[in-house]
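What follows is a set of notes on a single structure, which appears directly below.
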Amino acid sequence: MLDGVRHRTTSRLALRPIEPDDVPFAAEMYARLAMTEHRPDPTPDTPEVTAGRLAKDMAHWAEHGFGKWALLHEGRLVGFGGLSARVGWEGLNLSYHLHPTLWGQGFAAECVAESLAVGFGPLAAARIYALARATNLPSRRVAERAGFLHEDQVMLDGAPFELYTRIRA
């Protein structure tokens with residue numbers, strides 16, 4: 001396990017690996033159309049789909065020693081985010097998903113900043129990328145404000161996504 005990667009803190013967030021106890025919060029969050037409307041298939045997730053998604057995130061931690069964190073504010077879950085390795089992609093994938101009732105409060109930006117610190121620090125990544133649908137302007141703005149540059153449009157799961165990248169300085 002990489003030192004200093006599992007548990008992190010920002011000015012307002014505690015970040016820790018995703019745990020099985022996070023499934024009920026995640027199931028409620030991903031059952032909302034606001035959370036899935038920018039996916040190729042916007043159907044909200046069933047609890048079983050969400051449980052499978054989090055199981056993959058936990059397996060990523062076990063395999064790679066890093067992954068997506070559960071994001072907690074004042075001890076309560078607010079979302080998930082972090083870095084993952086994707087087969088066939090160069091660099092590390094950045095993602096962030098906050099509960100819709102907490103959008104616009106800067107939590108995504110804090111998660112992104114901490115993810116970049118870990119990615120370019122202990123993980124020594126040369127490249128970090130983020131994917132967002134063209135219609136997901138808030139997600140695109142978070143990436144742009146964090147210094148990501150638009151690189152290209154790519155197809156993922158049969159739908160076009162905007163590819164943003166940051167290269168280690």
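Counting all heavy atoms, side chain and backbone alike, T36 lies closest to P42 at OG1-O, 2.6 Å. For M29 against M35, the heavy-atom pair with the smallest separation is O-CG, 3.0 Å. When all heavy atoms of D22 and I18 are compared, the pair lying nearest together is OD2-CA, 3.5 Å. Between V5 and P122, the shortest heavy-atom contact is CG2-CB, 3.8 Å.
Taking CG of L54 as the start and NE2 of H60 as the end, the distance is 13.5 Å to the nearest 0.5 Å. The distance from the CZ atom of R133 to the CZ atom of R39 is 11.5 Å, given to the nearest 0.5 Å. With rounding to the nearest 0.5 angstrom, the CZ atom of F80 is 11.5 Å from the CG atom of L15. Atoms CZ and CG, from F107 and L102 in turn, are 6.0 Å apart once rounded to the nearest 0.5 Å.
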task = Evaluate the side-chain contact (heavy atoms from CB on, under 4.5 Å) criterion for residues R6 and W69: first the C-alpha distance (whole Å), next the side-chain angles of each, then the deciding distance (0.1 Å), finally the verdict.
result = CA-CA 8 Å; R6 287 185 67 79; W69 294 290; 5.8 Å; no

request  = Show your reasoning for whether side-chain contact (heavy atoms from CB on, under 4.5 Å) applies to R76 and F25.
outcome  = CA-CA 10 Å; R76 298 183 65 197; F25 171 86; over 6 Å; no

key: Stepwise side-chain contact (heavy atoms from CB on, under 4.5 Å) test for L116 and F148   = CA-CA 11 Å; L116 290 170; F148 283 78; 3.8 Å; yes

request  = Would you sort out whether R86 and L131 count as a side-chain contact (heavy atoms from CB on, under 4.5 Å), showing the intermediate values?
outcome  = CA-CA 12 Å; R86 291 180 75 133; L131 297 162; 4.2 Å; yes

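Under the 3.5 Å distance criterion, the side-chain polar atoms of D41 are matched with a main-chain donor or acceptor of T43. H73 places a side-chain N or O within 3.5 Å of a backbone atom of R12 that can act as its donor or acceptor partner.
Applying the salt bridge (charged side-chain N to carboxylate O under 4.0 Å, His left out) rule to pairs touching residues 46-74 yields D45-R53, D57-K68, sequence neighbours excluded.
Residues Y129 and F120 do not share a hydrophobic cluster, defined by chaining ILVMFWY side chains whose heavy atoms lie under 4.5 Å apart.
Think of V49 as one node in a network of Ile, Leu, Val, Met, Phe, Trp and Tyr side chains linked at under 4.5 Å; it has no links at all.
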With a 3.5 Å cut-off and sequence neighbours excluded, list the donor-acceptor pairs that the side chains of residues 159-169 form with protein atoms.
unit_1, atom_1, unit_2, atom_2, d
E162, OE1, H150, NE2, 2.5
E162, OE2, Q153, NE2, 2.7
Y164, OH, R140, NE, 2.8
Y164, OH, R140, NH2, 3.3
Y164, OH, E144, OE2, 3.0
T165, OG1, E151, OE1, 2.9
R166, NH1, A146, O, 2.5
R168, NE, A125, O, 3.1
R168, NH2, A124, O, 3.4

Acceptor/donor pairs from residues 88-98 side chains to any protein atom, 3.5 angstrom cut, sequence neighbours excluded:
unit_1, atom_1, unit_2, atom_2, d
Y96, OH, S139, O, 2.8
Y96, OH, S139, OG, 3.3

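At least one side-chain heavy atom of V78 sits less than 4.5 Å from a side-chain heavy atom of L13. Using a 4.5 Å cut-off on side-chain heavy atoms (C-beta onward), E28 and P47 make no contact.
Considering only residues two or more places apart in sequence or on other chains, R145 meets the salt bridge (Lys or Arg N to Asp or Glu O under 4.0 Å) condition with none of them. Applying the side-chain contact (heavy atoms from CB on, under 4.5 Å) test to A34 and every residue at least two apart in sequence or in another chain returns P100, W103.
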